[in-house]
Colleague: 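Below is one structure. I have some questions about it.
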Amino acid sequence: MKDVLKQLLREALARCYESGSLVSGEIPVDILVEVPANPGHGDFATNVAMILAKKEKAPPRKVAEVIIRELTGKEEIFSRVEIAGPGFVNFFLTAECWARVLDEIIEQQKCFGWQDFGAGKRVQVEFVSANPTGPLHIGHGRGAATGDALAALLAACGYEVQREYYINDAGNQMQTLGRSILLRCRQLLGEAVTFPGDCYQGEYIRDLARQALAEKGEQLLHHPEEEAVRILTDFGGSRILAGITTDLADFGVRFDNWYSERTLWERGEIQKGLDYLREKGFAYEKDEALWFASTRFGDDKDRVMLRSNGMTTYFASDVAYHKEKFERGFDLVIDIWGADHHGYIPRMKAAVAALGHDREALQVILVQLVNLLRGGVPAAMSTRSGEFVTLREVMDEVGTDACRYYFLSRHSDSKLDFDLELAKEQSADNPVYYIQYAHARICSIQRKAAEEGIGLPARGTIDFSVLDLPEELTLTKFLAQFPEVVAAAGRAFEPHRLTAYLQELATQFHAYYNRHRVVGEDAKTTSARLYLVNCIQTVIANALSLLGISAPERM
RNA sequence: GCGCCAGUAGCUCAGCUGGAUAGAGCAACGGACUUCUAAUCCGUAGGUCGCAGGUUCGAGUCCUGCCUGGCGUGCCA
């Protein structure tokens with residue numbers, strides 16, 4: 001709807017310039033049309049007149065007058081257009097105009113709100129990417145919910161989206177995993193070994209040790225230590241990864257691709273990455289190490305890729321990995337990282353630039369840490385003591401819907417207090433149920449209608465004039481905003497905007513429900529209200545689907 | 001020290017990339033079920049948008065400087 005108005009404004013301006021009623025000859029690229037906070041200011045308002053006032057050397061209200069003269073009379077969609085305040089132009093649309101929105105929703109169903117500005121572009125969203133050295137914890141859950149919702153959102157904006165999980169299965173933390181399991185194996189067999197502090201402390205290591213012994217037998221320990229560690233690294237890594245996969249699947253997250261760091265090595269990609277930067281002259285040797293000249297691309301210091309001891313750094317893998325990502329043809333690459341890695345953004349962007357890509361083609365979304373509480377009291381997690389709260393535990397306790405909603409209800413880059421007691425409370429305190437309840441209630445209305453032999457009204461059979469309650473008009477207008485919310489959220493990479501919208505939509509519906517009956521008035525009214533309510537249901541379901549939250553038919 | 005992020009109602013947070021009178025949800029108090037689901041609704045309250053300047057028709061939003069908190073700042077991952 002906004003876009004329609006913008007287009008009309010552009011056309012009107014063009015006519016003004018043609019006729020000479022306006023002289024600056026410029027059509028502002030970014031005409032702002034928005035829904036005013038105050039309904040008295042119209043359904044939409046624009047600031048063009050104020051923007052043009054300076055160039056026209058005329059008072060904004062004067063400019064507005066000229067534009068309006070060119071706009072009205074040619075279009076049937078306005079019931080009123082007025083100038084207000086310092087020079088805003090306020091538009092009031094006709095009721096028929098809004099009725100058309102409902103038809104659109106019924107027609108488009110599951111696609112209502114979907115955008116096409118991403119069409120033809122391929123985007124990859126890489127998220128979670130936790131090392132397979134232990135189970136996912138609550139913080140990974142937030143990253144998972146955010147990445148998954150963002151991917152769904154971008155898909156709804158027309159992008160071709162791939163969800164990817166990068167497996168750090170090549171670093172020395174994997175060695176540590178193998179070593180940790182080996183030591184636990186020895187302990188299980190009665191050997192008195194001290195378990196070092198830099199090994200993984202969690203109870204799951206003991207479980208893995210037990211499984212390894214059961215599967216491979218005690219002869220495992222007869223291998224040379226290095227060999228035993230290698231075997232146990234593989235064993236533990238694949239077990240843990242399988243667990244991660246299951247946890248994520250139960251959390252409603254599926255990846256299109258699991259990308260192993262090890263395969264980067266096996267295919268020589270790491271070396272290729274280093275060579276590439278060397279050939280381009282972006283890498284140099286100093287102090288027996290190989291450095292990437294990231295300062296030439298805006299970083300504040302150069303970064304080591306190949307250490308003097310011959311080992312590569314984590315960053316070297318990342319350069320190769322991102323080089324390969326772009327070689328796979330993505331127009332946009334989105335990485336979702338824990339906020340504690342924010343210091344890596346400049347060097348990663350520098351690498352992307354050095355690799356010959358637009359630095360904006362890499363977007364890093366930061367996800368802040370989750371502060372876990374139980375009844376207001378911190379439920380501390382510490383990897384060192386091994387007493388962390390896993391995603392699995394939280395999911396099992398509070399349910400995936402509530403869990404995902406909590407994660408997605410705030411900007412990802414702001415810290416989140418996650419209170420287990422609040423999250424699992426099935427009450428008004430819990431917004432996710434409030435929203436789902438609105439959906440379930442509508443389903444209930446439809447069941448009631450069906451009992452009375454009233455089916456869902458078809459498009460074109462409705463007399464919209466009976467939808468004349470203020471609540472009905474407000475609801476319709478709010479539904480019309482959904483496509484813009486999707487677009488704005490998609491452009492900003494901010495799925496949390498959808499939760500705010502859902503909250504408001506549910507509030508409006510519940511209020512309407514409590515004041516008015518859908519089924520029970522005369523046939524014409526019942527039919528029209530059913531139609532409206534179907535639209536609300538569709539929009540709630542669509543928004544929830546983007547967030548990966550279910551839309552239950554009864555509760 | 002430098003860098004990034006944050007600071008908005010008692011608490012947790014929105015605020016549509018600069019718009020008109022800054023909004024929700026909790027928490028508090030008082031009301032509403034003979035009804036399509038009370039997991040609901042209706043009413044009452046709360047503010048120096050961290051502080052000080054600046055940019056302009058207009059600033060919670062942009063710029064500068066301070067204050068406070070978190071994180072980062074390795075030839076660690």
Side-chain angles (χ1 to χ4, degrees), chain A residues 2 30 32 34-38 40-41 45-47 50-51 53-54 59-60 84-88 90 131 133 168 171-174 176 286-291 300-301 303-315 317 338-346 366 368-369 376 409-411 413-417 419 422 425-438 440-449 451-452 481 484-485 487-489 491-492 494 496-497 499-501 503-504 506-507 509-520 526 529-530 533 554-555:
Chain A
K2 276 186 194 173
D30 208 24
L32 184 66
E34 59 175 12
V35 179
N38 182 343
H41 294 143
T46 182
N47 62 348
M50 286 181 285
I51 290 175
K54 189 169 263 180
F88 288 102
N90 295 340
N131 299 338
T133 55
N168 281 135
N172 56 27
Q173 75 278 22
M174 290 303 289
T176 305
K286 191 183 93 181
D287 301 336
E288 295 177 352
L290 181 70
W291 297 70
D300 52 10
K301 56 179 290 194
R303 308 293 173 176
V304 169
M305 295 186 292
L306 191 56
R307 294 192 270 160
S308 54
N309 66 3
M311 307 279 279
T312 55
T313 59
Y314 180 86
F315 181 60
S317 293
D340 53 340
H341 289 84
H342 71 260
Y344 280 74
I345 297 175
L366 296 177
Q368 283 284 356
L369 300 182
S409 61
R410 288 182 188 70
H411 187 109
D413 196 11
S414 79
K415 277 167 288 177
L416 175 69
D417 284 338
D419 195 308
L422 268 179
E425 200 168 324
Q426 304 200 354
S427 73
D429 295 0
N430 203 333
V432 66
Y433 297 117
Y434 181 83
I435 293 161
Q436 289 182 321
Y437 187 50
R441 265 186 157 172
I442 294 173
C443 293
S444 174
I445 293 171
Q446 291 164 344
R447 283 192 294 270
K448 170 77 176 175
E451 274 170 32
E452 306 200 357
Q481 283 184 45
E484 287 140 27
V485 173
R491 288 206 162 90
E494 290 179 355
H496 78 276
R497 294 187 191 200
T499 59
Y501 176 84
Q503 173 76 38
E504 170 67 17
T507 298
F509 167 73
H510 284 308
Y512 175 62
Y513 177 94
N514 271 279
R515 280 177 85 95
H516 309 286
R517 283 193 63 86
V518 173
V519 180
T526 295
R529 289 184 179 176
L530 264 178
V533 146
R554 50 183 94 226
M555 289 172 74

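Naming: A, B, ... by sequence-line order, numbering from 1 per chain. Heavy-atom basis, side chains included; hydrogens, waters and symmetry copies ignored.
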Colleague: In whole angstrom, what separates A/N514's CG from B/A39's P?
Modeller: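 Distance, rounded to whole Å: 11 Å.
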Colleague: On the side chain of A/D417, is there an atom forming a donor-acceptor pair with the base of B/U12 - under 3.5 Å, no angle test?
Modeller: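 No.
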Colleague: Does a sphere of radius 6.0 Å around CZ in A/R515 hold more than 12 heavy atoms from other residues, nucleotides or ligands, not counting ones at 6.0 Å or beyond?
Modeller: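 At most 12 heavy atoms, drawn from other residues, nucleotides or ligands, come within 6.0 Å of this atom.
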Colleague: Assign each of A/V35 and A/D287 to its nearest nucleotide of RNA chain B by heavy atoms, then name whichever residue's nucleotide is nearer the 5' end.
Modeller: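 This one resolves to A/V35.
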Colleague: Please tell me if A/Y501 has a side-chain N or O lying less than 4.0 Å from either OP1 or OP2 of B/G23.
Modeller: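 No.
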Colleague: Tell me which of A/G343 and A/R447 sits closer to the 5' end of RNA chain B, going by the nucleotide each one is nearest to.
Modeller: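 Looking at the nearest nucleotide for each, A/R447 comes out on the 5' side.
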Colleague: Looking across every strand, which nucleic acid part, if any, lies under 4.0 Å from A/S414 by heavy atom: base, sugar-phosphate, or nothing?
Modeller: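 Touches sugar-phosphate only.
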Colleague: A/A488 side chain: which of B/C41, B/C75, B/C16 is closest?
Modeller: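 Between B/C41, B/C75, B/C16, the one nearest the side chain of A/A488 would be B/C16.
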Colleague: Identify whether a stacking contact exists between A/H41 and B/A20, where the ring centres must be under 5.5 Å apart and the planes under 30° apart.
Modeller: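 A/H41 ring centre within cut-off of B/A20 base, planes near parallel; stacks.
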Colleague: If we check side-chain contact (heavy atoms from CB on, under 4.5 Å) with A/R441, which of these qualifies: A/H510, A/M555, A/R554?
Modeller: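 So, applying the side-chain contact (heavy atoms from CB on, under 4.5 Å) to A/R441 and each of A/H510, A/M555, A/R554, only A/H510 qualifies.
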Colleague: Would you check if A/F88 stacks with the base of B/G19, given a 5.5 Å centroid limit and a 30° plane limit, both strict?
Modeller: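 So no, this residue does not stack on that base, at least one cut-off failing.
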Colleague: Quick check: any donor-acceptor pair below 3.5 Å linking the side-chain of A/N90 to the base of B/A20?
Modeller: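 Side chain to base: pair found, below 3.5 Å.
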